[in-house]
Amino acid sequence: MGKNLYITTAIPYVNGTPHIGNALDYLIADIWTRYQMQNGRQVRFQVGTDEHGNKIAAKAAESGLDPKTYTDQMYVQFEQLMKKVGASYTDFIRTTDGHHEGAVQYIWQQLQPYIYKGKYEGWYCQGHEAFFTDKEVETTGGICSDHQTPYERVSEENYYFKASAFTDQVREGLENGKMKIVPDFRRKEFLELIKDGIQDVSVSRPKKNLSWGVPVPGDPEQIMYVWIDALANYITVLGYPDKPGWQDYWPAEVQVIGKDILRFHAGIWPPMLLALGLPLPKKLLVHGFVNVGGAKMSKSVGNVVDPNEIIDTYGLDAFRYFFSRHIPTLDDGDFTWEKFETAYNTELGNDLGNLVQRVGAMVTRYQAGVIGEAVQSEHDMRRYHDAIANLEFNQAVDEVWAMVRSLNQYIENVKPWEIAKKREKDTEAEGHLTEVLATAVGGLLQIADLLVPFLPGTAKAIHDSFETGVVVPQGVLFPKIYRHTPDPHAPKAAAGQ
RNA sequence: CGCGGGGUGGAGCAGUCUGGUCAGCUCGGAUGGCUCAUAACCAUCAGGUCGCAGGUUCAAAUCCUGCCCCCGCAACCA
């Protein structure tokens with residue numbers, strides 16, 4: 001196995017504000033990256049933004065800006081979120097980057113044997129200068145609600161990419177595991193979807209209908225539609241085709257995507273790669289959505305949760321903890337402020353934070369802070385590593401918490417405070433106490449190691465507390481917060497209420 | 001008969017492929033213990049016909065058949 005690994009995240013369309021789903025992408029990729037780096041791998045971790053298209057052009061026009069200036073303002077929000085969740089990315093791509101646009105045109109030319117001209121037919125609105133789906137047309141009764149004009153049936157010339165030519169190869173790759181889709185039920189879902197073959201996709205629009213995008217080489221009348229432009233980012237960001245080094249990282253080990261965009265990443269992207277003669281990514285990690293109290297998060301319902309608010313209130317590691325352990329990596333999850341706060345107070349505060357505190361306090365109190373010969377804990381962490389290899393991060397965190405529990409149990413069983421009392425009379429007690437506390441510290445240090453990918457700040461705090469051989473208090477980890485759940489120790493309000 | 005996922009103690013889940021050792025885990029609730037600690041921690045308990053009805057088997061949450069209910073997706077929607 002080589003040392004170089006590559007992981008990617010979906011690039012969000014900058015026409016909008018960052019949300020939990022984006023944060024989840026970054027977090028998952030970041031956990032994986034930190035884990036691999038901890039194990040001595042060289043990792044490139046891509047993030048970026050998708051910045052072309054009509055919606056951007058329209059938004060920019062509304063604000064009286066040219067599109068590029070507009071995206072220059074918008075993409076920063078996403079960059080801020082990436083930094084806020086602690087994403088240790090190495091490569092940031094914007095689809096408006098010069099190198100990317102040039103590379104995409106090169107790719108288009110390489111794809112020539114599989115590109116043909118065809119007619120695209122659909123419902124068109126003059127006011128929007130855009131096509132609408134059958135569904136939208138149906139729900140509005142055929143009248144555009146913004147312009148009060150009927151949609152017209154229009155057909156236009158487009159270039160198509162012959163993705164269908166690669167149906168068998170893609171299917172094969174999925175069946176022999178050359179390209180895995182994780183979890184497996186997503187793979188089955190996708191195979192079912194392409195049962196009748198992958199369909200060709202329209203990859204360009206006439207310039208009059210799509211102004212803001214990469215021009216099609218050799219045809220000034222056509223602009224590239226999203227697919228080739230956006231999907232290509234995964235290789236252009238590495239330097240493809242002209243900057244050396246990209247071969248060291250492609251194929252990607254993992255491509256992190258949401259369940260909504262699986263079909264593009266399994267049905268268009270692999271055919272593009274095959275047409276370019278490039279290997280397929282090894283794994284597509286498909287995560288689910290975050291619901292709120294069982295309901296879909298949506299602006300119209302008004303239940304959107306802002307990741308920034310969580311992090312500002314509870315801290316970055318608390319955010320990373322909840323979204324890595326309580327939102328299953330490979331399935332939908334549920335967020336509520338109550339759940340979050342309960343997990344924060346009980347699991348982070350009571351279980352882990354308090355454990356660190358009590359061990360530190362005992363070493364300080366009984367041994368003036370001097371830690372004895374650290375005993376290396378022999379806890380078998382195979383399940384932790386297996387879980388990460390299987391991309392089930394929530395299970396890996398479960399394993400860490402099993403260790404936290406057993407360390408609390410250990411302390412309860414050996415009762416260091418009783419050994420401490422015996423030291424006056426029993427000469428062996430001193431050594432015994434030192435050994436017990438060193439064992440506890442050893443356990444904490446191992447826990448800290450395991451937490452590095454998930455809670456880097458906490459892992460560092462634990463290390464800093466105990467690593468030097470003398471306890472260096474780092475302050476209380478995860479102090480109690482009661483904003484959404486009742487404070488059990490609050491002065492009793494009037495009875496009955 | 002479109003496709004996929006799911007229905008397990010108050011809540012959230014594991015277990016189903018490879019039938020018995022499964023009725024398990026976490027949170028919440030109750031009781032007790034302890035005092036090193038963030039009124040934390042530890043132990044015990046709370047008794048859920050494992051969606052419903054049949055079937056296979058010595059034995060089914062776990063296999064087969066039928067049905068009911070919930071949630072996504074249903075193709076150019078970033």
Side-chain angles (χ1 to χ4, degrees), chain A residues 10-16 21-22 49-53 55 95 120 122 131-136 158 160 163 183-196 198-203 205 225-227 230-231 257-265 267-268 288-289 291 294-296 325-326 328 331-334 336 338-339 342-343 345-366 394-395 398 401-402 404-405 407-420 433 436-437 440 475-481 485 487-489:
Chain A
I11 55 173
Y13 201 45
V14 292
N15 168 42
N22 307 126
T49 44
D50 177 17
E51 307 190 353
H52 288 130
K55 285 182 187 167
T95 55
Y120 179 87
F131 281 92
F132 289 82
T133 61
D134 289 349
K135 206 173 181 178
E136 282 172 304
N158 281 192
Y160 278 80
D184 195 56
F185 73 83
R186 296 283 176 210
R187 181 183 70 104
K188 286 194 273 184
E189 201 174 76
F190 181 74
L191 280 170
E192 191 62 38
L193 187 72
I194 60 166
K195 184 171 54 183
D196 301 322
I198 293 175
Q199 290 198 357
D200 293 350
V201 286
S202 159
V203 290
R205 294 290 135 94
Y225 188 56
V226 61
W227 308 120
L231 289 166
I257 55 175
K259 65 179 183 180
D260 53 329
I261 54 176
L262 169 61
R263 62 179 46 151
F264 313 128
H265 285 75
I268 301 177
F289 287 167
N291 295 319
K296 214 169 175 174
R325 187 178 190 195
H326 293 290
D331 212 338
D332 289 354
D334 195 53
T336 66
E338 291 75 17
K339 278 185 188 178
T342 300
N345 283 328
T346 62
E347 295 164 17
L348 287 173
N350 294 348
D351 293 345
L352 178 61
N354 179 59
L355 174 62
V356 172
Q357 184 90 348
R358 70 196 296 211
V359 171
M362 284 191 281
V363 176
T364 301
R365 181 155 157 181
Y366 301 141
N394 50 310
Q395 288 186 16
D398 282 347
W401 249 256
V404 170
R405 285 186 148 262
L407 193 47
N408 268 320
Q409 288 166 342
Y410 169 77
I411 291 169
E412 204 65 30
N413 290 337
V414 296
K415 300 181 175 45
W417 51 92
E418 284 188 5
I419 304 175
L433 180 61
V436 163
L437 292 180
V476 173
L477 296 174
F478 312 112
K480 293 293 161 60
I481 298 176
T485 53
D487 181 350
H489 315 305

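Per chain, numbering begins at 1; letters A, B, ... match sequence-line order. All values reported here derive from a predicted model rather than from experimental measurement.
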Enquirer: Report each atom pair, protein N/O against N/O of nucleotides 2-6 of chain B, whose distance is under 3.5 angstrom.
Expert:
residue, atom, partner, partner atom, Å
rG4(B), O2', Glu189(A), OE2, 3.1

Enquirer: Just N and O in the side chain of Gln409(A): are any of them under 4.0 Å from OP1 or OP2 of rC41(B)?
Expert: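 False: Gln409(A) side-chain N/O out of range (4.0 Å or more) of rC41(B) OP1/OP2.
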Enquirer: Touch check for Val226(A), heavy atoms < 4.0 angstrom, all strands: base, sugar-phosphate only, or nothing?
Expert: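 It contacts base atoms.
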Enquirer: Given rA78(B), rC77(B), rA37(B), which nucleotide is nearest the side-chain atoms of Ala230(A)?
Expert: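 The listed nucleotide nearest to Ala230(A)'s side chain is rA78(B).
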Enquirer: Write down the distance separating the P atoms in rU18(B) and rC64(B), rounded off to the nearest Å.
Expert: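 10 Å, rounded to whole Å.
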Enquirer: Give me the distance, rounded to whole Å, that separates rA14(B) from rG7(B) when you measure between the C1' atoms they each carry.
Expert: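 Result for the C1' pair: 15 Å, nearest Å.
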Enquirer: Using the C1' atom in both, what is the distance from rU26(B) to rG9(B), to the nearest Å?
Expert: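 These two C1' atoms come out 14 Å apart once rounded.
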Enquirer: Side chain of Gln357(A), heavy atoms from C-beta onward: which of rC76(B), rC42(B), rA37(B) has the nearest atom to it?
Expert: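 Nearest to the side chain of Gln357(A) among the choices is rA37(B).
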Enquirer: Is a side-chain donor or acceptor of Thr95(A) paired with a backbone partner of Glu51(A) at a separation under 3.5 angstrom?
Expert: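 Judged by distance alone, yes, a pair lies under 3.5 Å.
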Enquirer: Given 3.5 Å as the limit, does a donor-acceptor pair link the side chain of Lys195(A) with the main chain of Glu192(A), or not?
Expert: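 Judged by distance alone, no pair lies under 3.5 Å.
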Enquirer: Roughly, in whole Å, what's the span from CE in Met362(A) to C1' in rC41(B)?
Expert: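 Distance, rounded to whole Å: 10 Å.
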Enquirer: Looking at the base of rA40(B), is there any donor atom on it, or on the side chain of Asn354(A), that sits under 3.5 Å from an acceptor on the other one?
Expert: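 Between rA40(B) and Asn354(A), which were checked side chain against base, a qualifying N/O pair under 3.5 Å is absent.
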Enquirer: Check this one for me: any side-chain N or O of Arg263(A) less than 4.0 Å away from OP1 or OP2 of rC77(B)?
Expert: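 The answer is no; no side-chain N or O of Arg263(A) sits under 4.0 Å from OP1 or OP2.
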Enquirer: Of the nucleotides rU35(B), rA75(B), rG72(B), which one has an atom closest to the side chain of Lys259(A)?
Expert: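 The answer is rG72(B), which lies nearest to the side chain.
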Enquirer: Residues two or more places apart in sequence or in another chain: which of them pass side-chain contact (heavy atoms from CB on, under 4.5 Å) with Ala343(A)?
Expert: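 Here the qualifying residues are Tyr321(A), Phe322(A), His326(A), Glu347(A).
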Enquirer: In whole Å, what is the span from the CZ atom of Phe264(A) to the P atom of rA75(B)?
Expert: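 Taking atom P of rA75(B) as the reference, CZ of Phe264(A) is at 11 Å.
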Enquirer: Which part of the nucleic acid, if any, lies within contact of Phe289(A), taking any heavy atom under 4.0 Å across all strands shown: a base, the sugar-phosphate backbone alone, or nothing?
Expert: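 The answer is nothing, as Phe289(A) stays clear of every strand by at least 4.0 Å.
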Enquirer: Dot-bracket for RNA chain B, please, read 5' to 3', with Watson-Crick or G-U wobble pairs under 3.5 Å on both distances, ( ) within the strand, [ ] crossing, | other strand, . unpaired.
Expert: .(((((((.[[[[.)....(...]]]].(((((.......))))).....[[[[[..)....]]]]])))))).....
Enquirer: For Tyr160(A), what residues pass the ring pair (Phe, Tyr, Trp, His ring centres under 6.0 Å) criterion, not counting sequence neighbours?
Expert: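 Tyr160(A) satisfies ring pair (Phe, Tyr, Trp, His ring centres under 6.0 Å) with Tyr116(A) once adjacent residues are dropped.
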Enquirer: When you get a sec, tell me which of rC76(B), rC36(B), rC41(B) is the closest nucleotide to the side chain of Ile411(A)?
Expert: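 Selected nucleotide: rC36(B).
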Enquirer: Decide yes or no, distance alone: a donor-acceptor N/O pair under 3.5 angstrom between the base of rC34(B) and the side-chain of Trp417(A).
Expert: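 No such pair is found, so the answer is no.
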Enquirer: Look at Arg365(A) and rC36(B) and indicate whether a side-chain polar atom (N or O) is within less than 4.0 Å of OP1 or OP2.
Expert: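 Answer is yes, contact under 4.0 Å.
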Enquirer: Which pairs, protein N/O on one side and nucleotides 23-33 of chain B N/O on the other, fall under 3.5 Å?
Expert:
residue, atom, partner, partner atom, Å
rU26(B), OP1, Arg405(A), NH1, 3.4
rG33(B), N2, Glu412(A), OE2, 3.2

Enquirer: Just call it for Asn158(A): base, sugar-phosphate, or nothing, with non-hydrogen atoms closer than 4.0 Å on any strand.
Expert: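 Since no nucleic acid heavy atom lies under 4.0 Å of Asn158(A), the category is nothing.
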Enquirer: Sticking with atom C1', work out how far rC68(B) lies from rG24(B), rounded to a whole angstrom.
Expert: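 Each nucleotide's C1' atom is 28 Å from the other's.
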Enquirer: Please report the distance separating the C1' of rC69(B) from the corresponding atom of rA23(B), rounded so that it comes out in whole Å.
Expert: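 The answer is 24 Å between these two C1' atoms.
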Enquirer: Of the candidate nucleotides rA40(B), rC76(B), rA78(B), which contains the atom at the shortest distance from the side chain of Val201(A)?
Expert: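 Side chain of Val201(A) sits closest to rC76(B).
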Enquirer: Would you mind telling me which of rC41(B), rC36(B), rC77(B) lies closest to the side-chain atoms of Tyr225(A)?
Expert: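 Out of rC41(B), rC36(B), rC77(B), the nucleotide with an atom closest to Tyr225(A)'s side chain is rC77(B).
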Enquirer: Please enumerate all residues that pass ring pair (Phe, Tyr, Trp, His ring centres under 6.0 Å) together with Tyr13(A), with sequence neighbours excluded.
Expert: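 If we apply the ring pair (Phe, Tyr, Trp, His ring centres under 6.0 Å) test to Tyr13(A), skipping adjacent residues, there are no hits.
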Enquirer: Give me the distance, rounded to whole Å, that separates rC13(B) from rC77(B) when you measure between the C1' atoms they each carry.
Expert: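 Their C1' atoms lie roughly 32 Å apart.
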Enquirer: Tyr366(A) or Asp200(A): which one's nearest nucleotide on RNA chain B is closer to the 5' end?
Expert: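 With Tyr366(A) and Asp200(A) compared, the 5'-side residue is Tyr366(A).
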Enquirer: Once you apply a heavy-atom cut-off of 4.0 Å, does Trp401(A) come out as touching a base, just sugar-phosphate, or nothing?
Expert: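 Counting heavy atoms under 4.0 Å across all strands, no contact is made by Trp401(A).
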Enquirer: Between Asp332(A) and Lys259(A), is the closest basic N to carboxylate O distance under 4.0 Å?
Expert: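 Salt bridge: yes.
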Enquirer: On a whole-Å scale, what distance lies between the P atoms belonging to rG51(B) and rU62(B)?
Expert: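 These two P atoms come out 8 Å apart once rounded.
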Enquirer: Whether Lys339(A) and Asp334(A) form a salt bridge (side-chain N of Lys/Arg under 4.0 Å from carboxylate O of Asp/Glu) is what I want to check.
Expert: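 Lys339(A) and Asp334(A): salt-bridged.
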Enquirer: Mind checking the P distance from rG4(B) to rU65(B)? Whole angstroms is fine.
Expert: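 Their P atoms lie roughly 14 Å apart.
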